[in-house]
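First the structure, in the form of structure tokens, and then the observations on it.
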2 protein chains.
Amino acid sequence: MTGKIFIIEDEPSIIQLVQHNLEKEGFVVSSSLNGNEGLKELKKFQPNLLLLDWMLPDLSGIDVCKNIRRDNIFRNLPIIMLTAKGEEEDKIKGLDSGVDDYITKPFSFNELLSRIKAVLRRSDPKIVSDLLEFEDLKLDRVEKRVFRDKQELKLGPTEFRLLEFFLLNPKRVFSRDQILESVWPNNINVEGRTIDVHIRRLRQSINTKDKKELIRTVRSSGYSLI
Amino acid sequence: MTGKIFIIEDEPSIIQLVQHNLEKEGFVVSSSLNGNEGLKELKKFQPNLLLLDWMLPDLSGIDVCKNIRRDNIFRNLPIIMLTAKGEEEDKIKGLDSGVDDYITKPFSFNELLSRIKAVLRRSDPKIVSDLLEFEDLKLDRVEKRVFRDKQELKLGPTEFRLLEFFLLNPKRVFSRDQILESVWPNNINVEGRTIDVHIRRLRQSINTKDKKELIRTVRSSGYSLI
DNA sequence: TTATTATGTTACAAAATTGTTACAAACTAA
DNA sequence: TTAGTTTGTAACAATTTTGTAACATAATAA
């Protein structure tokens with residue numbers, strides 16, 4: 001999961017929720033609170049998919065949509081429309097607005113995620129791959145398996161989640177706090193050197209002999225894949 | 001059941017329901033919300049069967065159907081039309097539109113499934129095979145019999161459904177919740193270690209001596225066939 | 001250099017997860 | 001009905017995983 005998703009939605013709480021969860025899934029996410037600004041940002045951001053609210057303070061979602069469909073570059077940008085329940089569902093359907101899917105609020109994040117995956121699978125199957133790769137490392141999120149150069153590695157649950165986390169943003173340095181928040185279950189608090197020890201365990205698991213170190217320590221900052 | 005099914009239908013809730021259940025049955029599924037886009041996607045997706053809504057925002061189902069029947073490659077694509085109740089039933093029947101079957105909304109999923117199977121059985125009998133296989137394991141869904149390498153195994157009802165479930169998605173890791181939802185009858189709630197015990201029973205039944213273990217335990221995640 | 005701080009490494013007990021067995025209740029077939 | 005299956009759950013055993021402390025080593029600053 002490595003695509004870019006743009007959100008145009010005027011409710012900050014929804015953006016907050018969706019953005020945070022999508023980033024956890026490995027997407028790069030950006031957003032705007034209104035239509036006009038959104039259209040501008042869109043071109044800079046070059047997303048693989050757009051989440052578009054139906055009711056916006058300035059333009060309507062439909063206007064934005066039409067605008068995009070006229071554009072040469074973004075004509076084929078997949079769009080998922082967010083609508084409040086009962087909110088002119090008929091209009092959305094009736095109008096040939098070129099929306100790829102729509103979902104009515106309130107929705108669960110998992111429901112949204114599965115639709116995003118479905119739409120992306122149609123437009124660009126590479127993006128929704130459940131296989132994370134980095135150098136000679138492969139992690140299969142469906143089968144829960146990890147390979148280094150053909151050879152399967154045996155990781156514990158936390159080691160697996162930790163590696164999965166790093167693979168979603170290779171090369172990027174994460175602080176211990178960031179790692180904690182993303183890898184450990186919510187409202188669990190571990191303290192002290194716990195993460196260091198888990199890093200050590202992960203290192204031991206993936207560093208088969210005569211293979212180069214893949215986890216870099218950035219002193220006083222954190223760790224990263226390299 | 002290994003075929004590909006494409007859906008053209010403008011109500012996401014119906015797509016959601018049908019897609020989810022068809023995938024449970026082992027089909028690969030993709031969809032579009034309108035006729036024009038659907039026709040394009042169709043060619044990329046190369047389905048074995050098409051579920052086509054009668055009322056679409058742009059083209060009518062009939063238009064789509066005619067369009068397909070003119071196509072050289074998809075001339076013989078089996079099509080099942082979905083219609084709202086009383087919605088011009090006569091026309092559909094009367095019209096020689098080249099539809100293979102139709103079903104009126106609302107319909108039960110099982111009703112749809114049996115029609116799909118019937119149509120597929122005519123067009124491509126291999127696809128509706130009721131034989132699930134994995135390595136040296138064979139499960140016959142019609143005769144309700146299981147073989148491991150020629151030798152018949154005797155499974156209890158729950159063991160059978162459990163194995164059937166795993167065979168529909170071999171290698172994939174399922175959580176206990178997912179297993180519960182798919183294998184146990186709806187709104188039944190079992191709790192605690194029930195699933196683990198059933199897994200143990202299934203293991204005992206299929207692990208004839210000197211055969212390798214086929215069910216993998218993924219700690220903190222669930223189980224999978226392997 | 002030395003002092004200080006951050007990270008690596010090891011060990012271990014507690015906690016969590018899974019395997020296994022047994023058994024009573026529910027269900028089936030005859 | 002009765003005899004035989006099947007099912008859910010509890011109880012206990014075996015195993016793995018986890019967090020933390022303690023000590024070693026490396027990096028940095030003074």
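Proteins get letters first, then strands, A, B, ... in listed order; numbering begins at 1 in each.
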What is the distance, to the nearest angstrom, from the CZ atom on A:R216 to the C1' atom on C:dT7? 15 Å
A:F74: ring-ring contact (aromatic ring centres under 6.0 Å, His included) partners, not counting sequence neighbours: none
B:F27 meets the ring-ring contact (aromatic ring centres under 6.0 Å, His included) criterion, sequence neighbours left out, with none
What residues form a side chain to side chain contact (heavy atoms under 4.5 Å, CB included) with B:E23, not counting sequence neighbours? B:Q19, B:V29
Return the value, rounded to whole Å, for the distance between atom CD1 of A:I215 and atom P of C:dG8. 10 Å
Not counting sequence neighbours, which residues clear side chain to side chain contact (heavy atoms under 4.5 Å, CB included) with B:E111? List them please. B:I103, B:F107, B:S108, B:R115
Please write out each protein N/O paired with an N/O of nucleotides 28-30 of chain C under 3.5 Å, distance rounded to 0.1 Å.
none

Of all residues at least two apart in sequence or in a different chain, which pass the side chain to side chain contact (heavy atoms under 4.5 Å, CB included) check with B:K4? B:V28, B:F45, B:Q46, B:N48
Hey, what are the protein-to-nucleotides 4-8 of chain D N/O distances that come in under 3.5 Å?
residue	atom	partner	partner atom	Å
D:dT7	OP1	B:T158	N	3.3
D:dT7	OP1	B:T158	OG1	2.5
D:dG8	OP1	B:W184	NE1	3.2
D:dG8	OP2	B:H198	NE2	2.8
D:dG8	N7	B:R201	NH1	3.4
D:dG8	O6	B:R201	NH2	2.6

Dump the pairs, protein N or O against N or O of nucleotides 17-19 of chain C, anything under 3.5 Å, distances to one decimal.
residue	atom	partner	partner atom	Å
C:dT17	O2	B:R219	NH2	2.7
C:dT18	OP1	B:S220	N	2.7
C:dT18	OP2	B:R176	NH1	3.3
C:dT18	OP2	B:R176	NH2	3.2
C:dT18	O5'	B:R176	NH2	3.4
C:dG19	OP1	B:R203	NH1	2.9
C:dG19	OP1	B:T217	OG1	2.7
C:dG19	OP2	B:Y223	OH	2.8
C:dG19	N7	B:R193	NH2	2.6
C:dG19	O6	B:R193	NH1	2.6

Donor on one side chain, acceptor on other, A:R203 and A:T217, under 3.5 Å: yes
Could you pull out all residues at least two apart from A:R176 that satisfy side-chain hydrogen bond (donor to acceptor under 3.5 Å, both in side chains)? A:D196, A:Y223
Residues which pass side-chain hydrogen bond (donor to acceptor under 3.5 Å, both in side chains) with B:R161, listed by chain and number, not counting sequence neighbours: none
Please list, chain by chain and in numerical order, all residues satisfying side chain to side chain contact (heavy atoms under 4.5 Å, CB included) with A:V173, sequence neighbours excluded. A:R216, A:V218, A:S221, A:S224
For a quick test of your reading: what N or O donor-acceptor pairs under 3.5 Å do the side chains of residues 153-160 of chain A make, sequence neighbours left out?
residue	atom	partner	partner atom	Å
A:E159	OE1	A:S205	OG	2.5

